[in-house]
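Heads up: the structure comes next, in structure tokens.
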Amino acid sequence: MIIQRVVLNSRPGKNGVPVAENFRLEQSTISDTVQEGQVRVRTLYLSVDPYMRCRMNEDTGSDYLLPWQLSEAADGGGIGVVEESKHNNFAKGDFVTSFKWPWQTVAILDGSSLQKLVPQLVDGRLSFFLGAAGLTGLTALLGIKEKGHVSAGANQTMVVSGAAGACGSLAGQIGHLEGCSRVVGIAGTDEKCSILVSEMGFDAAINYKKGNVAEQLRELCPGGVDVYFDNVGGDISDAVINQMNQNSHIILCGQISQYNKDVPYPPPLPPEVEKIQKEKNITRERFLVLNYMDKQEASVLQLCQWIREGKLKVRETVVEGLENIGAAFQSMMNGGNIGKQIVSVSK
């Protein structure tokens, strides 16, 4: 069977900025025969995410991420429909998802790697299972629950960096739903800041490209910061940590400002900031959502309920066509959109 796939065409280098040309669309073939235990799926949606930048390097810098290989199909979160099944758990017409979905139009996958989806949980909006009702939403919810130590009625203030991104835009809303009394976001444009406040319920938002972030944090978080959902690292995180209270908590979700730099993960803090962290007993523990998959089912149901009730607002940008996934990845890494970036492969 002839298919189309997107492969890693070149590596940007550890300190390079990824571009669309790092990926290549090509024609390929897959077997016409499905073996026992396998499922043939037609790809509907693919996810592009910041962590994938690490997979573009020969060494991902992580013990749980494998590098993409040159001239081989990239992979990540995906959703598709079953066309043929020789696995007992799946039938033709089922919608399925996997964290290791190849970037190609049709694939033959091991049935054990797939999970069946229930479209009714998200009112038929299947792409949400790659974002707010998928790994992105799980990262936000479980990060706050497992590392944020949020307690309803405790009058806690949360700050979210990368707040207009797929995970950050959900994390701020979930912070409120879990009991934070004040949530402040940090983003890169006035438009993003406005949407965070008017649409997503943040109490305030800071455009880090305008004015002094530390001064604005002092003004907007007069009682200090109790919980910091960190998506970016670098100078912004240093400014937030300076405002954090005794025995507060950092949810170390991502460090996107550091992904194009040859530094270890998580990146070390500057000595003066590390001193503040230790003196104030601020927790800063690596968070990996895949370590909490025993809580996945209940957490997805909670996220879906919030979405259906309108308590969790979802923003996504859907880019049409597998051939545009490289450009979508470049745009996402440049912070070009609000919320989740999805590629629609076929209808």
Side-chain angles (χ1 to χ4, degrees), residues 50 139-165 167-188 192-193 196-197 200-258 263-289:
T139 300
L141 176 57
L142 290 172
I144 289 168
K145 278 185 168 291
E146 300 296 328
K147 300 294 184 182
H149 302 276
V150 173
S151 178
N155 197 31
Q156 291 165 298
T157 293
M158 173 188 282
V159 170
V160 182
S161 58
C167 192
S169 61
L170 299 172
Q173 297 178 75
I174 292 170
H176 266 318
L177 289 167
E178 286 294 304
C180 285
S181 59
R182 185 166 181 78
V183 176
V184 176
I186 303 175
K192 289 177 179 179
C193 289
L196 289 175
V197 175
M200 297 185 172
F202 284 64
D203 296 285
I206 295 169
N207 181 349
Y208 70 86
K209 295 179 181 177
K210 284 186 174 181
N212 185 296
V213 172
E215 286 179 4
Q216 293 177 79
L217 280 169
R218 280 193 292 271
E219 180 183 334
L220 294 172
C221 307
V225 178
D226 303 293
V227 185
Y228 173 37
F229 200 101
D230 185 5
N231 285 305
V232 302
D235 294 343
I236 289 174
S237 290
D238 295 346
V240 177
I241 293 169
N242 269 281
Q243 305 292 329
M244 294 187 76
N245 292 325
Q246 195 76 26
N247 303 319
S248 52
H249 305 282
I250 298 170
I251 302 163
L252 195 58
C253 179
Q255 301 282 278
I256 194 168
S257 74
Q258 308 297 301
V263 295
Y265 187 86
L269 296 170
E272 65 275 14
V273 180
E274 186 177 17
K275 183 181 178 185
I276 291 170
Q277 181 208 344
K278 289 179 177 177
E279 286 177 350
K280 291 188 175 181
N281 192 35
I282 302 169
T283 63
R284 184 180 184 256
E285 300 165 349
R286 186 174 184 172
F287 172 71
L288 179 59
V289 70

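What you see below is based on every heavy atom in this structure, not just the backbone, and it leaves out hydrogens, waters and symmetry mates.
- For the atom pair R284 CZ and I241 CD1, the distance stands at 6.0 Å (nearest 0.5 Å).
- The minimum heavy-atom distance between A163 and L196, with the atom names listed, is O-CD2, 3.3 Å.
- Between N281 atom CG and N247 atom CG the span is 5.0 Å, to the nearest 0.5 Å.
- Contact check for D230 versus V240: no side-chain heavy atoms found under the 4.5 Å cut-off.
- In terms of heavy atoms, V227 sits closest to V225 at O-CG1, 3.4 Å.
- Considering NE2 of H149 and CG of D226, their distance stands at 12.5 Å, rounded to 0.5 Å.
- With a 4.5 Å cut-off on side-chain heavy atoms, Q243 and C221 do not count as touching.
- A 4.5 Å side-chain heavy-atom check between I250 and M244 finds at least one atom pair inside the cut-off.
- Nearest approach of A171 to M158, heavy atoms of both residues: O-SD, 4.0 Å.
- Taking OG from S237 and CG from L269, the interatomic distance works out to 8.0 Å, rounded to the nearest 0.5 Å.
- Taking every heavy atom of both residues into account, G168 and F202 meet most closely at O-CZ, 3.8 Å.
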List the steps, then state whether side-chain hydrogen bond (donor to acceptor under 3.5 Å, both in side chains) holds for H176 with D203. CA-CA 10 Å; H176 266 318; D203 296 285; 2.8 Å; yes

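- Inter-residue side-chain proximity for Q156 and V150 is flagged as met; some heavy-atom pair is nearer than 4.5 Å.
- Atom CG of L141 sits about 9.5 Å away from atom CG of L177, to the nearest 0.5 Å.
- Checked by atom type and distance alone, the side chain of Q277 never pairs as donor or acceptor with a backbone atom of V273 at under 3.5 Å.
- Judged purely by atom type and a 3.5 angstrom limit, Q246 uses its side chain to pair as donor or acceptor with the backbone of E279.
- The closest side-chain heavy-atom distance from R182 to L220 is below 4.5 Å.
- No more than 12 heavy atoms of other residues, nucleotides or ligands lie within 6.0 Å of NZ in K145, so this atom counts as exposed by the packing criterion.
- The closest side-chain heavy-atom distance from L142 to F287 is below 4.5 Å.
- Inter-residue side-chain proximity for C253 and T139 is flagged as met; some heavy-atom pair is nearer than 4.5 Å.
- Taking all atoms of both residues into account, the shortest heavy-atom contact from N231 to S161 is ND2-O, 2.8 Å.
- The nearest pair of heavy atoms linking H249 to T283 is ND1-OG1, 2.8 Å.
- The CD1 atom of I276 sits 7.5 Å away from atom CD1 of I282, with the distance rounded to the nearest 0.5 Å.
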